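Written below as structure tokens is the structure these notes are about.
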Amino acid sequence: MSTAALPAPARPQARRLALLAAVLLGVALAVVIAVVTPWHLLPTPAGGRTPVDPAAAFTPAQVARAESFASALRPASLTSLVLGLAVSAVFGLTRAGAATARTVARPLGGGWVWQVLLGTIAVLVVGRLVTLPLAAYGEVVRHRYGLSTRGWGLWARDVATSTGINAGLTALGVLAVVALARKAPRSWWSWAGGGAAALVVVGSFLYPLLIEPAFNRFESMPAGQLRTELFALAERSGTPVQDVLVADASRRTTALNAYVSGFGSTRRIVVYDTVLDRLPDDQIESIVAHELGHVAADDVLTGTLIGALGAGAGVSLLGWLLGATPLLRRAGVSGPGDGQVAGLLLFLFAVGSLVSTPVQNLVSRHIEARADLHALDLTRDPAAFIAMQRELGVTNLSDPDPPAIWQWAFGSHPTVAQRVAFAGDWAELHP
Ligand SMILES: [Zn+2]
């Protein structure tokens, strides 16, 4: 095939259908988010809400340390984000993406399948390399503050593993899109949208089995009084668990954390080994009670279904965008079935994920607050909850008072000060 094929004539009806599907799915997404997000959790106590005050959660020295850590890291994170988008724009909005796909596929005969697979991997690897110095700088900062315990060998292995998994899976996803567009030029976006939604569900289900073991080892929490207490807690919560797993997080970090992943038969509660080593039992119970809150509300499944709906809406929008002649001309590709389209597709993905991040975090912050409420209702021990939040905040160097716009865009949890104030409200309401 010759270079710089002209865009195929647009099919206005098929495009309008894709736009209509995107709008309808987008509205459905907004409605689902509005309905399932727990916007209001606690009534206002008679004496008014507990003020959100970082000074109530941390000493001035702790505030200063967390703030200097955040101000060392934040510009680098932001630069990395902008740089990543810029690389993506160069490959997506100029002919560089198409040229790259042709060049890397040439030694293998230049067929469209190789153009898609190697073109995708090339763009992602270049993006990773360009932002690598900033990632290394971030690791230096985390080392300097004692948050990272990871040697540079393990750091390099982690970067290579995550880049490899991401590039491999993304290349297969892009290949599926291009193959569908070649098979069904008018309706490919509906098949791809359904497929993307299904993949989000399958991916979330399999994540604990396929991805997590690439980074950590997991063992059952050792038998003993704590384990017995946590299982009793799960029974009282109405969410019995088969096991609580401990991850060897201390290989990388001193941070304290726990999480729930998977759903159905892959659902599991994971606690960092750092938590078991350093926190008293009542604080560990508070952490696990929070995770049980996620189990009780089936938050992983809810998030997965919202993600699936979002993926369907996003791919439908892609069906409309990839019929836009000016965009295709700019990227030097003939349409979504062109093997050289990966650069443009990846750019649109990048923009989509940038736009959807604040929405995901908005929902996440409310879901996290609901899990906090579950922890307080279950343990009825706000003092242990507040002590645990302080301990996590200090150890993880969480910025007690991040700029509002930063918290809005990137905050997946309420701030520590907000969580401490929330526990204060709970205590007021449960004298
Ligand atoms: Zn949580």
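Bear in mind the structure is a predicted one, so any value in this text is a computation, not a measurement.
A 4.5 Å side-chain heavy-atom check between Leu154 and Arg157 finds at least one atom pair inside the cut-off. Under the 4.5 Å side-chain criterion, counting only non-hydrogen atoms from C-beta, Leu81 is in contact with Leu354. Contact of the Ser398 side chain with the Leu392 side chain is not registered, since no non-hydrogen atoms from C-beta on lie closer than 4.5 Å. Side chains of Leu19 and Arg15 form no contact here, defined as non-hydrogen atoms less than 4.5 Å apart. Contact check for Tyr145 versus Ser68: side-chain heavy atoms found under the 4.5 Å cut-off. Between Trp188 and Pro336 there is a side-chain heavy-atom pair separated by less than 4.5 Å. Between Val241 and Leu292, some side-chain heavy-atom pair lies under the 4.5 Å cut-off. The closest side-chain heavy-atom distance from Phe422 to Leu373 is below 4.5 Å.
Taking a 6.0 Å sphere around CZ of Arg227, one finds it holds more than 12 heavy atoms contributed by other residues, nucleotides or ligands. The neighbour count for Arg330 CZ, taken as heavy atoms of other residues, nucleotides or ligands under 6.0 Å away, does not exceed 12. For CH2 of Trp320, the number of neighbouring non-hydrogen atoms (other residues, nucleotides, ligands) closer than 6.0 Å is 12 at most.
Across all their heavy atoms, Ala22 and Ala313 have their closest contact at CB-O, 3.9 Å. For the pair Ala331 and Gly92, the tightest heavy-atom approach, listed with the atom from each and the gap, is CB-O, 3.5 Å. Taking each heavy atom of His294 and Val260 in turn, the nearest pair found is CB-CG2, 4.1 Å. Across all their heavy atoms, Ala417 and Pro400 have their closest contact at CB-O, 3.9 Å. Closest approach of Glu368 and Ser412 over heavy atoms only: CG-O, 3.6 Å. The minimum heavy-atom distance linking Arg128 with Ala135 is given by the pair NH2-CB, 3.4 Å.
Remark: aromatic rings of Trp155 and Trp152 are close, center separation under 6.0 Å.
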**Request:** In sequence, state the C-alpha distance, the side-chain angles, and the governing distance for Ser162 and Asn166, and then conclude on side-chain hydrogen bond (donor to acceptor under 3.5 Å, both in side chains).
**Result:** CA-CA 6 Å; Ser162 57; Asn166 179 38; over 6 Å; no
**Request:** With side chain to side chain contact (heavy atoms under 4.5 Å, CB included) as the test, would you mind laying out the steps for His290 and Asp372 before giving the verdict?
**Result:** CA-CA 5 Å; His290 168 100; Asp372 281 350; 2.7 Å; yes
**Message:** Determine whether Arg142 and Glu139 satisfy the following criterion, salt bridge (Lys or Arg N to Asp or Glu O under 4.0 Å), listing intermediate values before the conclusion.
**Reply:** CA-CA 5 Å; Arg142 282 187 293 270; Glu139 186 69 4; 3.2 Å; yes
**Request:** Apply the test side chain to side chain contact (heavy atoms under 4.5 Å, CB included) to residues Leu318 and Leu345: give CA-CA distance (whole Å), side-chain angles for both, the deciding distance (0.1 Å), then the verdict.
**Result:** CA-CA 8 Å; Leu318 209 57; Leu345 264 180; 3.4 Å; yes
**Item:** Derivation and outcome, side chain to side chain contact (heavy atoms under 4.5 Å, CB included), residues Leu93 and Leu327
**Value:** CA-CA 7 Å; Leu93 295 181; Leu327 198 61; 3.9 Å; yes
**Working for side chain to side chain contact (heavy atoms under 4.5 Å, CB included), residues Leu29 and Ile306** = CA-CA 7 Å; Leu29 185 62; Ile306 290 176; 3.9 Å; yes
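For the pair Ser204 (side chain) and Val200 (backbone), a donor-acceptor distance under 3.5 Å is absent. Of the possible polar contacts, one joining the Trp189 side chain to the Arg186 backbone as a donor-acceptor pair under 3.5 Å is found. Although no hydrogens or angles enter the test, the distance criterion places no donor-acceptor pair under 3.5 Å between the side chain of Trp112 and the main chain of Ala179. Side chain of Asn361 to main chain of Ala409: a donor-acceptor pair is present (N/O by atom type, distance under 3.5 Å, no hydrogens or angles). The closest donor-acceptor contact from the side chain of Thr149 to the backbone of Arg252 lies under 3.5 Å. Looking at Thr304, its side chain never comes within 3.5 Å of a backbone N or O of Val201 through a donor-acceptor pair. Between the side chain of Thr253 and the main chain of Leu147, a donor-acceptor pair closer than 3.5 Å is present. Between the side chain of Ser364 and the backbone N or O of Gln360 there is no donor-acceptor pair closer than 3.5 Å. In terms of modelled atom types and a separation under 3.5 Å, the side chain of Arg365 and the main chain of Gly411 share a donor-acceptor contact. Between the side chain of Arg95 and the backbone N or O of Arg329 there is at least one donor-acceptor pair closer than 3.5 Å.
Within the structure, salt bridge (charged side-chain N to carboxylate O under 4.0 Å, His left out) pairs that include any residue of residues 385-414 comprise Arg74-Asp399 (at least two apart or interchain).
Between Asp243 and Arg267 there is no salt bridge, since none of the side-chain N atoms of the basic residue sits less than 4.0 Å from a carboxylate O of the acidic one.
Once rounded to the nearest 0.5 Å, the distance linking CG of Leu233 with OG1 of Thr228 reads 12.5 Å. In this structure, CZ in Phe215 is found 12.5 Å from CG in Asp248, a value given to the nearest 0.5 Å. Taken from OG1 in Thr163 to CG in Leu129, the straight-line distance is 8.0 Å, to the nearest 0.5 Å. Leu328 CG to Leu322 CG: the interatomic distance, rounded to the nearest 0.5 Å, is 6.5 Å. To the nearest 0.5 Å, atom CD of residue Gln62 and atom CG of residue Leu397 are 10.0 Å apart. Between the CD1 atom of Ile33 and the CG atom of Leu309 there is a distance of 8.0 Å, given to the nearest 0.5 Å.
For the 3.5 Å distance criterion, the side chains of Ser261 and Glu212 qualify, holding a donor opposite an acceptor.
The aromatic rings of Tyr272 and Tyr259 sit perpendicular, their planes meeting at an angle over 60°, well past the 30° parallel limit.
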Only pairs under 3.5 Å count here: list side-chain donor-acceptor contacts from residues 275-283, not counting sequence neighbours, and write none if there are none.
unit_1, atom_1, unit_2, atom_2, d
Arg278, NH2, Thr254, O, 3.1

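Exactly one of Val104, Thr103, Thr100 qualifies for a side-chain contact (heavy atoms from CB on, under 4.5 Å) with Leu118. That residue is Val104.
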